[in-house]
**Student:** 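Take this structure, written in structure tokens, and hold onto it; I'll ask about it next.
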Amino acid sequence: MRHPLPETGADWSDIKARMLDYAGGDVRWRDGKTAVYVFNAGPEVERVQKEAYALFMSENGLGPMAFPSLKRMEAEVVDFGLALLHAPDGASGVITSGGTDSITMAMKAARDYARKEKHVAGPLNIVLPRSAHPAFDKAAAVMEIEVRRTPLIDYLADPTAMGAAADASTIMIVGSAPCFPYGLIDPIGALSDLAVAWDLWLHVDACVGGYIAPFVRMNGADLPPFDFGLPGVRSMSADLHKYGYCAKGASTVFFRSAHLQSFMIFDMNDWPGGRMVTPTLAGTRPGGAISAAWAVMNFLGVTGYRAKQGLVTDTRRRIEAGVRAQGFTVLGEPQLGIVAFSHPEVNNFAVWGKLHERGWFTSVTTEPAGLHLMLSPFHAEVADTYLADLAWAVVEARASAGSAGTDARYA
Ligand SMILES: *Cc1c(COP(=O)(O)O)cnc(C)c1O
């Protein structure tokens, strides 16, 4: 039966109590046992997010003339990102509602650029490594663009295979920094060479890396080049609501030049409501997502981000060492906040299930079957518990398989 809208309203205190009751079944991410969906930078950042969001919750980023405050905050956030990602003078960007929005809008820009500037007619395609995010497939489905995924080498994009898959109808090639499944940075330098040689639009998907990688590098890690410092990179996506620790509903999409970005903007005047210009997929744009991003970035600053991201990479190293000692193989050589690992002898999905029994909510990989963690600063406090629970889960999974099992589907 459908829930009817209550005939009369209730007190906020009752309503709040019922909401918290609903939340009783949710993962207890503040305990640190969740390593997917949520980025936990601690209670201070959470408080800034909340208060800053509430301050501009009713304002609308669709109206920059009505709300110059939001326009100003957005411009400053975009500037922070452009500088972190070594964008040249004249580069530009915008805040979107999330990574999927950023990717969709970059693809729309690349498509319209191909049609208008390069006069590409007929069916179009994009070329991406097997590890790239499904957001590209979603955008391609919406725009009826063919997706060509190429095999990986050592879990990384293979520029040779991608070059072979590209043709005159290719509107975009993609590299991830890093990819979500393995947390590895693709060889963006070689993809940039390819893009320059063939005049291809290279998009770097730094949705999950854009606001951690620059600080990890500042902390001394030897990261390969992955951003606008490479001449072939024309656009990048970087999610504020991931390792930027901003409130959800905030990502950035950047373009090497305002000219390239101009192909993203939708400008419509042919209706009775007057001219409507929208840069992103959204019409109404939540002011809170913009103000919370601005506030968190100013709250943390370079020093704050370096400290948070240092906790993440230290924890990742501890987990890597711990899982290796338990017989797991780490997939590739992660350098940021995601790590995936696979046990050659036990049913990895059964291990996942056992960990879930102990309250861990994490992700998996399927090629090969393995466990996947997207680490937050808060995980520094629970890494030892995780490793102990993992050791227990491996023993349990071995016992329930009776012998070395093969990987079955996990429920
Ligand atoms: C999260 C993610 C996306 C999609 O971002 P959403 O904000 O979830 O829409 C795209 N690419 C990568 C690599 C990601 O990790």
Side-chain angles (χ1 to χ4, degrees), residues 29 34-40 49 77 81 85 93-108 110 126 128-142 147 149 152 155-157 172-188 191 202-214 216 223 226-227 233 235-254 280-282 285-286 289-290 292-293 296 309 312 316 331-332 334-340 362-367 372-376:
W29 60 269
T34 302
V36 60
Y37 301 133
V38 180
F39 292 79
N40 185 352
Q49 274 184 8
V77 166
L85 299 172
V94 67
I95 293 183
T96 71
S97 65
T100 303
D101 191 346
S102 290
I103 286 167
T104 302
M105 295 321 292
M107 271 177 64
K108 185 227 179 254
I126 55 170
L128 51 159
R130 183 145 180 82
S131 54
H133 196 276
F136 290 97
D137 302 68
K138 184 192 280 191
V142 171
V147 177
R149 283 184 180 257
L152 308 176
Y155 307 111
L156 296 171
M172 177 184 274
I173 63 171
V174 175
S176 306
C179 68
F180 181 80
Y182 311 112
L184 305 174
I185 301 175
D186 283 326
I188 308 295
L191 293 178
L202 171 59
H203 178 86
V204 174
D205 180 11
C207 275
V208 74
Y211 292 104
I212 181 171
V216 170
L223 301 188
F226 67 90
D227 60 21
V233 178
S235 58
M236 291 187 75
S237 44
D239 292 351
L240 295 160
H241 62 202
K242 288 183 181 159
Y243 283 104
Y245 306 121
C246 302
K248 284 191 175 53
S251 170
T252 38
V253 61
F254 301 117
T280 68
L281 208 51
R285 299 167 74 209
I290 296 170
V296 168
Q309 314 306 30
V312 170
R316 195 207 70 238
L331 306 180
Q335 294 177 289
L336 302 173
I338 290 176
V339 57
T362 62
S363 198
V364 295
T365 57
T366 55
E367 299 175 5
H372 177 282
L373 298 176
M374 188 161 65
L375 298 166
S376 289

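In listed order, ligands and their atoms are each counted from 1.
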**Student:** Please determine, by modelled atom types, if Y245 and Q309 share a side-chain donor-acceptor pair under 3.5 angstrom.
**Tutor:**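 Their side chains do contain a donor-acceptor pair, which is all the 3.5 Å distance test asks for.
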**Student:** Could you pull out every protein residue that has a heavy atom closer than 4.0 Å to ligand 1, ordered by chain and then number?
**Tutor:**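 Lining ligand 1 at under 4.0 Å, by heavy atoms, one finds G98, G99, T100, I103, H133, P178, F180, D205, C207, V208, D239, H241, K242.
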**Student:** In chain order, what residues pass the side chain to side chain contact (heavy atoms under 4.5 Å, CB included) check against T96, with sequence neighbours excluded?
**Tutor:**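 V94, D101, S102, S251, V253, T280.
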**Student:** Only counting residues at least two apart or in another chain, list the ones meeting salt bridge (charged side-chain N to carboxylate O under 4.0 Å, His left out) with K108.
**Tutor:**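 For K108 the salt bridge (charged side-chain N to carboxylate O under 4.0 Å, His left out) partners, ignoring immediate neighbours, are D112.
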**Student:** Sequence neighbours excluded, which residues qualify as side chain to side chain contact (heavy atoms under 4.5 Å, CB included) partners of P334?
**Tutor:**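 So P334 forms a side chain to side chain contact (heavy atoms under 4.5 Å, CB included) with L184, R316, E320, V330, V339.
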**Student:** Side chains of D205 and S237: donor-acceptor distance under 3.5 Å anywhere?
**Tutor:**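 Distance-only check passes for D205 and S237.
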**Student:** Can you tell me if CZ on R130 sees more than 12 non-hydrogen neighbours from other groups inside 6.0 Å?
**Tutor:**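 Result for CZ/R130: open.
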